[in-house]
There are 2 protein chains.
Amino acid sequence: MLEEKEISQAVISRLPRYYRYLQDLIDEGTERISSKELSERMHVTASQIRQDFNNFGGFGQQGYGYNVRYLHDEIGQILGLDQEHSMVLIGAGNLGQALVGYMNFKRRGFVFKAAFDCKPELYGKKVGQVVIRPMNELTGLIEQEKIEIAVLTVPKTAAMDIAKVLSGTCIRAIWNFAHVDLPVPERIQVENVHLSDSLMKLSYQIRSIDQADQEKAD
Amino acid sequence: MLEEKEISQAVISRLPRYYRYLQDLIDEGTERISSKELSERMHVTASQIRQDFNNFGGFGQQGYGYNVRYLHDEIGQILGLDQEHSMVLIGAGNLGQALVGYMNFKRRGFVFKAAFDCKPELYGKKVGQVVIRPMNELTGLIEQEKIEIAVLTVPKTAAMDIAKVLSGTCIRAIWNFAHVDLPVPERIQVENVHLSDSLMKLSYQIRSIDQADQEKAD
DNA sequence: GTCAAATTGACAATATTTTAACAGGAATTT
DNA sequence: AAATTCCTGTTAAAATATTGTCAATTTGAC
């Protein structure tokens, strides 16, 4: 039996960035790259790169480095990008519509199968490839289409209720844009995109530089 | 002279979440809270909470705990939320328009002063409170209005060029939604919101659970 | 074919982050 | 007002994460 060595969250967070740089290298026509070269491009240590990749077994070769395309595909597979992922949008406001319209996701295999909103005036309106439907059709469609991911772009109060509804379905994961921590069973994965939090961090950086400057002036 | 003890990124990332929970407590009318109670709500250790707050000096009192409103305001100040932040939108597509329309930012003091796009057909169109202008007015307006934050919602190729332009202005920070790492001087802070990366992490979680299940079945 | 240069994967050494433990002060109870 | 409980700030310990080092192996030059 294989040792279930847990991969740390830090490593996983770095994978999409590697993937992006490898895509760029492919586009440039580069065939091979060493951890040193890559580290210089990405401004991280070569040691970290090698360590990260080694979490999943060795992808490189001594004296040669890494084959760009091979490494790219392997990381893509680790990230589950080799299979299609079905999604539904819940909350067809500005942000939701922007996400559905964002074609890059589709290119990576993330496909919206439907959109839902509670506002009757939106029913039937088309966003991207899909039509906006009333919320009472949500669970039925999820089960019927075996939807994997729910993209949640509703106000925080609604988000809590919807999370409870989703808990009773076959949904695997929630991509949560609402400013709350969702109460869902363990089997459902949640990835939060808290835009306010992100903006506050930026604000912190600005403030902390101001403060440093001020102290230097003393 | 004060010891410039660098606050770790991990701590800063947690501050907005504390802030959010404290806001909720205020809304509930709770006056005081102990690290233990808060830890149970937030599903983190009490030790971490105390440690985090102590990075900025003691906000609590032995035997009493923390005064909710006081702590909330202190963290708000640390995050720079006690002052207004001026922003410009660069790239008035779906996502950009959604962000400008998002009123929660304004409530926290983040105010859009202008929006820019390269598409002539958008010039003059109103999004939220502001009018979309041509890109050649960008640097002028930033300098004139002493804009702090540029919100970048343009395709990746455009993003690189615009980052270079911004480097020559008084802009303090870039909130970057493009899928690239921006080349900017050190004095400009960058906060990335890489939506694809976030979605890939979610995809990873799904995949890794599938794999675990499969191995268990063996 | 031999040798120098390059480069990984593994492991050891640091550094950082998180958690636990506890002394001491404040609030509350009796 | 004494005693008990509560709870912070701080220090110590444990756990994680990152970086440095090097033997082993491959490539590429001559």
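Numbers restart at 1 for each chain; the letters A, B, ... are given by sequence-line order, proteins then strands.
For the OP1/OP2 pair of C:dT8 and a distance below 4.0 Å, the side-chain nitrogens and oxygens of A:Q61 include no atom meeting the criterion. Side-chain N/O atoms of B:R14 include one lying less than 4.0 angstrom from OP1 or OP2 on C:dT18. Phosphate contact (OP1/OP2 of D:dG9, side-chain N/O of B:Y66, threshold under 4.0 Å): present. Remark: A:S34 is not in phosphate contact with C:dA6, judged by side-chain N or O atoms under 4.0 Å from OP1 or OP2. In this structure, B:N54 does not reach the D:dT8 phosphate: none of its side-chain N or O atoms is under 4.0 Å from OP1 or OP2.
Heavy-atom nearest nucleotides on DNA chain D were determined for A:T45 and for A:G63, and the one closer to the 5' end corresponds to A:T45. Across the interface with DNA chain D, nearest-nucleotide mapping of A:Y64 and B:I33 shows B:I33 to be the residue nearer the 5′ end.
Separating the NZ atom of A:K36 from the C1' atom of D:dT19 is a distance of 16 Å, rounded to the nearest angstrom. Atom pair B:Q48:CD and D:dA15:P shows a separation of 16 Å (rounding to whole Å applied). Between the NE2 atom of B:H43 and the C1' atom of C:dT19 there is a distance of 18 Å, given to the nearest Å. Following rounding to the nearest Å, B:F56 (CZ) and D:dT10 (P) show an atom-to-atom distance of 14 Å. A straight line from CZ of B:R32 to C1' of D:dC7 spans 9 Å, rounded to a whole angstrom. For the pair B:I49 CD1 and D:dG9 P, the computed distance is 12 Å after rounding to whole Å. Separating the CD atom of B:Q62 from the P atom of C:dA26 is a distance of 7 Å, rounded to the nearest angstrom. Residue B:E40 contributes atom CD, which lies 13 Å from atom P of D:dC6 at whole-angstrom precision.
The aromatic ring centres of B:W175 and B:F110 sit 6.0 Å or more apart. Side-chain rings of B:Y18 and B:F53 approach one another, their centers coming within less than 6.0 Å.
B:F53 comes within 4.0 angstrom of nothing in the nucleic acid, heavy atoms only.
Here the nucleotide nearest the side chain of B:R50, chosen from D:dG9, C:dT18, C:dT8, is D:dG9. Among the nucleotides C:dT7, C:dT19, D:dA17, the one closest to any side-chain atom of B:S47 is C:dT19.
Cation-pi check for B:R32 over B:Y64 is met; the charged atom lies under 6.0 angstrom from the ring centroid and within 45 degrees of its normal.
One finds a salt bridge joining B:R172 and A:D210 here, because a Lys/Arg side-chain nitrogen approaches an Asp/Glu carboxylate oxygen to under 4.0 Å.
In the interface, the side chain of B:Q51 is paired with the base of C:dT19 through a donor and an acceptor atom under 3.5 Å apart.
The only option from A:R108, A:R17, A:R20 that meets the salt bridge (Lys or Arg N to Asp or Glu O under 4.0 Å) definition with B:D197 turns out to be A:R20.
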